Amino acid sequence: MFLGGGALLGVVFFFWYYASPKYTDVGYAPNQPIDYSHKFHVGTLGLDCRYCHSFVESSHEANIPSTSVCMNCHQNIRKESKDLTLLKDSYENNDPIEWVKVHMLPDYAYFDHSVHLNAGVGCVSCHGRIDQMEVVQQSEPLSMSWCLDCHRNPDDHIRPNTPVTDMDWNKPENHDDIVKQFKIDNNIKPPQDCSACHR
């Protein structure tokens with residue numbers, strides 16, 4: 001009986017851990033049609049996330065930029081590079097590039113980027129140090145329990161008076177007091193009921 005119970009617990013633990021998003025999804029970094037380095041564009045050049053993901057503060061989605069956004073720079077910079085052949089073809093033929101989605105939520109889960117950014121939650125809280133990634137990968141599990149942990153204790157992720165796109169942000173000494181007042185002023189009360197994310 002003990003042997004059977006131990007085996008059952010072993011099987012449950014195996015699936016609980018190895019089938020969890022923390023194990024299956026963290027580190028996911030698919031090959032993209034164009035080698036786009038966030039480390040170079042964001043880290044070295046200092047592009048703000050909102051230059052490419054321009055609707056992120058007003059839409060539930062963090063839109064993928066159109067080819068024309070890339071060509072704003074690349075019509076003049078490295079315009080003869082063979083690495084940009086697909087980009088230039090896409091632009092000239094008005095054919096969108098088939099980027100592979102990295103951060104995916106199930107269809108039954110609703111997430112609004114604008115709500116989180118306008119509440120002072122920085123990009124790095126969910127996406128990690130994008131400015132250090134040659135190839136974008138998923139840094140957090142994005143599981144229900146992970147989201148709920150933040151909704152229950154959001155203060156560490158809220159950064160009043162600092163751009164949400166600042167990847168090097170560190171909490172100031174008086175962070176707790178600032179956040180407490182910021183939450184009152186902006187009526188920030190992260191919901192924990194099912195209908196907040198399942199609609």
Side-chain angles (χ1 to χ4, degrees), residues 21-143 146-147 150 157 159 161-170 197 199:
K22 190 169 187 175
Y23 187 82
T24 60
D25 297 354
V26 172
Y28 173 63
N31 290 325
Q32 299 290 356
I34 295 176
D35 292 332
Y36 177 86
S37 170
H38 280 74
K39 183 177 181 178
F40 176 71
H41 288 85
V42 179
T44 303
L45 296 180
L47 281 181
D48 189 290
C49 306
R50 296 166 293 193
Y51 178 75
C52 297
H53 304 288
S54 53
F55 303 146
V56 74
E57 291 176 299
S58 58
S59 170
H60 69 281
E61 293 180 321
N63 61 294
I64 302 299
S66 65
T67 306
S68 62
V69 172
C70 305
M71 290 302 289
N72 284 341
C73 294
H74 284 296
Q75 281 183 348
N76 300 307
I77 299 169
R78 296 194 68 213
K79 59 185 179 181
E80 303 305 322
S81 171
K82 291 181 181 177
D83 294 338
L84 299 176
T85 302
L86 182 59
L87 181 70
K88 289 188 284 189
D89 289 348
S90 166
Y91 182 70
E92 289 166 6
N93 299 320
N94 201 24
D95 243 357
I97 294 170
E98 301 281 331
W99 297 103
V100 180
K101 193 170 184 179
V102 178
H103 301 88
M104 293 176 278
L105 292 177
D107 290 341
Y108 54 79
Y110 176 78
F111 177 85
D112 190 320
H113 274 86
S114 65
V115 167
H116 290 80
L117 267 67
N118 291 313
V121 177
C123 305
V124 74
S125 291
C126 301
H127 297 292
R129 290 300 301 263
I130 293 287
D131 62 321
Q132 297 174 358
M133 294 183 192
E134 201 62 55
V135 176
V136 172
Q137 67 175 2
Q138 186 169 325
S139 296
E140 300 293 347
L142 309 182
S143 62
W146 180 80
C147 293
C150 186
H157 302 282
R159 46 170 80 184
N161 308 321
T162 304
V164 291
T165 56
D166 182 354
M167 296 283 162
D168 285 322
W169 176 76
N170 291 307
C197 303
R199 300 176 179 183

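This chain uses plain numbering: 1 for the first residue, then up along the sequence. Just the heavy atoms: all of them, side chains too, but no hydrogens, waters or symmetry mates, feed the values below. Bear in mind the structure is a predicted one, so any value in this text is a computation, not a measurement.
Applying the side chain to side chain donor-acceptor pair (under 3.5 Å) test to residues at least two apart or on different chains, the pairs with a partner in residues 110-124 are Tyr110-Asp112, Asp112-Ser114. Within the structure, salt bridge (charged side-chain N to carboxylate O under 4.0 Å, His left out) pairs that include any residue of residues 69-89 comprise Arg78-Asp83 (at least two apart or interchain). Pairs passing the ring-ring contact (aromatic ring centres under 6.0 Å, His included) check and including a residue from residues 82-105, sequence neighbours excluded, read His103-His127.
Remark: Pro96 pairs with no residue by the side-chain contact (heavy atoms from CB on, under 4.5 Å) rule, at least two apart or across chains. The side-chain hydrogen bond (donor to acceptor under 3.5 Å, both in side chains) check on Asp48 picks up Arg50, Thr165, with sequence neighbours excluded. For Arg199, the salt bridge (Lys or Arg N to Asp or Glu O under 4.0 Å) test picks out no residue, with sequence neighbours left out. By the side-chain hydrogen bond (donor to acceptor under 3.5 Å, both in side chains) test, Ser68 pairs with Ser66, sequence neighbours left out. In terms of the salt bridge (Lys or Arg N to Asp or Glu O under 4.0 Å) criterion, Asp166 has no residue partners (sequence neighbours excluded). Residues satisfying the salt bridge (Lys or Arg N to Asp or Glu O under 4.0 Å) criterion with Asp168, sequence neighbours excluded, are Arg129. Residues passing the side-chain hydrogen bond (donor to acceptor under 3.5 Å, both in side chains) test with Thr162: none are found, sequence neighbours excluded. Qualifying side-chain contact (heavy atoms from CB on, under 4.5 Å) partners for Ser59, counting only residues two or more places apart in sequence or in other chains: Phe55, Glu61. Every side-chain contact (heavy atoms from CB on, under 4.5 Å) that His41 has, sequence neighbours left out, goes to Tyr36, Leu45, Leu47, His74.
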ask   = Step by step, would you call Cys126 with Trp146 a side chain to side chain contact (heavy atoms under 4.5 Å, CB included)?
value = CA-CA 10 Å; Cys126 301; Trp146 180 80; 3.8 Å; yes

request  = Apply side chain to side chain contact (heavy atoms under 4.5 Å, CB included) to the pair Val100 and Asn31, showing each step before the final yes or no.
outcome  = CA-CA 7 Å; Val100 180; Asn31 290 325; over 6 Å; no

request  = Assess whether side chain to side chain contact (heavy atoms under 4.5 Å, CB included) is satisfied between Phe111 and Leu142, documenting all intermediate values.
outcome  = CA-CA 11 Å; Phe111 177 85; Leu142 309 182; over 6 Å; no

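Contact of the Gln32 side chain with the Val102 side chain is registered, since non-hydrogen atoms from C-beta on lie closer than 4.5 Å.
Among the candidates Asp95, Thr67, Ile34, the single residue satisfying the side chain to side chain contact (heavy atoms under 4.5 Å, CB included) test with Leu86 is Ile34.
Across Gln137 and Ala29, no two heavy atoms sit closer than the pair CB-CB, 3.6 Å.
For Asp35, the CG atom counts as loosely surrounded, since its 6.0 Å shell holds 12 or fewer non-hydrogen atoms of other residues, nucleotides or ligands.
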